[in-house]
Amino acid sequence: MTKKKRLWFLLPALAALLIPSLAFASEEAAEYIPSAYATFWSLLPPVIAIALALITKEVYSSLFVGILTGALLYSGFGFEQTVTHMFSDGFISVLADEYNVGILIFLVVLGVIVCLMNKSGGSAAFGRFASKRIHSRVGAQMATILLGILIFVDDYFNCLTVGSVMRPVTDKFNVSRAKLAYLIDTTAAPICIIAPISSWAAAVTGFVEGEDGFSIFMRAIPFNFYALLTIVMMVSLVIMKVDFGTMKLHEDNAKNGDLFTTPERPYGDSNEDAVTGKGSLIDLVVPILSLIICCIIGMLYTGEFFSGTDFVTAFSQSDASLGLTLGSFFGLVITILFYLVRRIMSLSDCMSCLPEGFKAMVPAILILTFAWTLKAMTDSLGADVFVASLIEGSAKGLMNLLPAIIFVIGCLLAFATGTSWGTFGILIPIVVNAFQSVDPDLMIIAISACMAGAVCGDHCSPISDTTIMASAGAQCEHVNHVTTQIPYAIMAAVIACITYIIAGFTRSALISLPIGIVLVIGTLTVIKKQQKN
């Protein structure tokens, strides 16, 4: 505490000696509740940040304005409290959080490993390997999708690994960076949320209190319409060779050699000096396999699997941040030792990748820090309490329509806050309490709607960490990724909402899911025909 702050705290203490009633001032200050708490205004900061980002196409200043708005609302527009809340409870607090620090370390380590794979020639070797077997833009995109599906353990790991491996291949076949970012993002959270063994499954099962969380997660998979339909849509887009919205402009330009469309290239120099020397395909495969295996072991370790806990329980109670940090560290050590033994790189070359890998991740780290701080401002204004009261107030008399309503609210909440896991934590306990004893079948559909809405909002939001990492993995300008992906996500969301309305009445995934798939393919067919005309 600074000397200035100490002087301020002496004043109420001296006043309390003279006026006994003021002795309770410190307690009242500790219980301070802003006037905007749990009101519509609590959602204003992220709305402003998102709107400015989309309008100005400048992320850092937009996020800062959103953070400042939240701090002003919290303090009642008082200067001193605004500044202290923004920094003490915002930037400093989120960077002091051990979970967040673990994610940042994980990011940096992955950046270093990507740099090592590039300088060893492993990435270039994979490019040569793929070029002999992939002969078209469709093949390059389908290979990206397949790799994204295979790496289902965690969305952070998925985004950065798929991007670093597939970027040289998609560049060769003139796939735009915006399209690559979309493919990465769509095979990250939507895959993880339907994979039983993933950090997302672990998070969801942890929010289902009083029930067998893993069993409910498994039963909810067929009803997770947004995740399933957006995957169907992604594959259909690639096979049918159709794009729309701003993505079409990016893809048309990419076919003529311009992979970026806009001049902004925040990651543009990170791969320019990649060494393509004597590395071979094994110099890419071993680091990636080491990462996957070590990350899985790391997550199991944090879930006390090696202390006797069963596999499923260990995964459900794992600490994803610590597990991924431990796994990536040991993956890095294995990679360096492997390269040294093979004499692909010297120790000094390996160590030079440390600052270079960190530098490559700086844009993602900055955006994540701003996004986390914005979430802290929103939390301090009680946005979760406001949304929870809306849900509880609409739970009566709308039983059959409730899955669709919950899906929409989940989308809006995750979009505004940039966190799908936070949306799970708010909505799933409410759904369980509302339907646990009333309609267990509808409870499963409603829980899946929570998960689907959270993934959809997370998929669209420019302040979502997964969206940010997808941009980093593809080395795509972040706003370009957001603006090109939103039309696709909205289309899938609208069809998913219709599908939830059907499911609310039929209670059957066998009926509602095929209808949703037909709507997706039918809509894309109509768009393609209109483009030809």
Side-chain angles (χ1 to χ4, degrees), residues 106-135 139-154 156-173 175 180 183-184 187-188 270-299 324-354 356-358 360-361 472-475:
F106 174 65
L107 264 178
V108 172
V109 174
L110 280 183
V112 174
I113 292 176
V114 169
C115 182
L116 285 167
M117 290 190 298
N118 288 335
K119 286 204 167 186
S120 70
S123 297
F126 178 80
R128 294 191 296 268
F129 171 81
S131 64
K132 297 177 182 178
R133 292 159 177 80
I134 299 174
H135 306 288
Q141 294 175 75
M142 289 302 296
T144 304
I145 293 172
L146 179 60
L147 183 60
I149 292 174
L150 292 175
I151 304 177
F152 57 82
V153 176
D154 184 79
Y156 295 167
F157 181 40
N158 184 307
C159 288
L160 297 176
T161 303
V162 175
S164 64
V165 171
M166 294 305 302
R167 198 164 51 242
V169 180
T170 54
D171 284 356
K172 178 181 178 180
F173 290 98
V175 177
L180 175 60
L183 297 177
I184 293 171
T187 53
S270 59
N271 266 354
E272 296 300 322
D273 58 347
V275 176
T276 59
K278 50 187 178 179
S280 61
L281 184 60
I282 195 173
D283 297 307
L284 182 79
V285 173
V286 169
I288 292 177
L289 286 180
S290 299
L291 268 175
I292 294 174
I293 295 171
C294 290
C295 285
I296 292 175
I297 293 174
M299 293 183 69
L324 292 174
T325 300
L326 293 174
S328 60
F329 170 75
F330 284 104
L332 174 61
V333 172
I334 292 171
T335 300
I336 292 175
L337 292 176
F338 180 72
Y339 288 165
L340 292 177
V341 170
R342 281 177 47 76
R343 298 183 179 179
I344 296 297
M345 297 176 67
S346 66
L347 181 61
S348 60
D349 290 335
C350 291
M351 292 302 101
S352 68
C353 289
L354 292 175
E356 290 183 31
F358 180 87
M361 289 295 109
Q475 296 191 354

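Owing to the predicted nature of the structure, the values given are computational and were not obtained by experimental measurement.
When every heavy atom of Ala188 is checked against every heavy atom of Cys159, the shortest pair comes out as CB-SG, 3.8 Å. Among all heavy-atom pairs drawn from Ala140 and Val169, the shortest one is CB-CG1, 4.1 Å. Across every non-hydrogen atom of Ile113 and Gly331, the tightest pair is CD1-C, 4.2 Å. What you find for Ser352 and Lys119 is that their closest heavy atoms are OG-NZ, 3.9 Å. The two residues Leu340 and Cys350 come nearest to each other via the heavy atoms CD2-SG, 4.4 Å.
For Met351, the side chain to side chain contact (heavy atoms under 4.5 Å, CB included) partners are Ile336, Leu347, Leu354, not counting sequence neighbours. Remark: Leu281 pairs with Phe126, Phe129, Val285 by the side chain to side chain contact (heavy atoms under 4.5 Å, CB included) rule, at least two apart or across chains. Under the side chain to side chain contact (heavy atoms under 4.5 Å, CB included) criterion, Phe330 pairs with Cys294, not counting sequence neighbours.
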- request: Tell me, with the steps shown, if Leu332 and Leu116 meet side-chain contact (heavy atoms from CB on, under 4.5 Å).
  value: CA-CA 9 Å; Leu332 174 61; Leu116 285 167; 3.5 Å; yes

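Considering CE of Met142 and CG of Leu147, their distance stands at 12.5 Å, rounded to 0.5 Å. Atom-to-atom distance recorded for Arg167:CZ and Leu180:CG is 7.5 Å, nearest 0.5 angstrom. Separation of atoms OG1 (Thr335) and CD1 (Ile344) is listed at 13.0 Å; rounding is to 0.5 Å. Between atom CZ of residue Phe329 and atom CD1 of residue Ile334 there is a gap of 10.5 Å, rounded to the nearest 0.5 Å.
Between Val175 and Gln141, the closest side-chain pair of non-hydrogen atoms falls below 4.5 Å. Here the side chains of Thr144 and Val162 are in contact, with some heavy-atom distance below 4.5 Å. You'll find the side chain of Ser120 stays beyond 4.5 Å of the side chain of Arg342, heavy atoms only. Contact of the Lys172 side chain with the Ile134 side chain is not registered, since no non-hydrogen atoms from C-beta on lie closer than 4.5 Å. Inter-residue side-chain proximity for Leu291 and Ser328 is flagged as met; some heavy-atom pair is nearer than 4.5 Å.
Counting heavy-atom neighbours within 6.0 Å of Phe338 CZ, excluding the residue itself, gives a total above 12. Other residues, nucleotides and ligands contribute more than 12 heavy atoms inside 6.0 Å of the CZ atom of Arg133.
With respect to Met117, the side-chain contact (heavy atoms from CB on, under 4.5 Å) criterion is satisfied by exactly one of Asp283, Ile288, Val286: Ile288.
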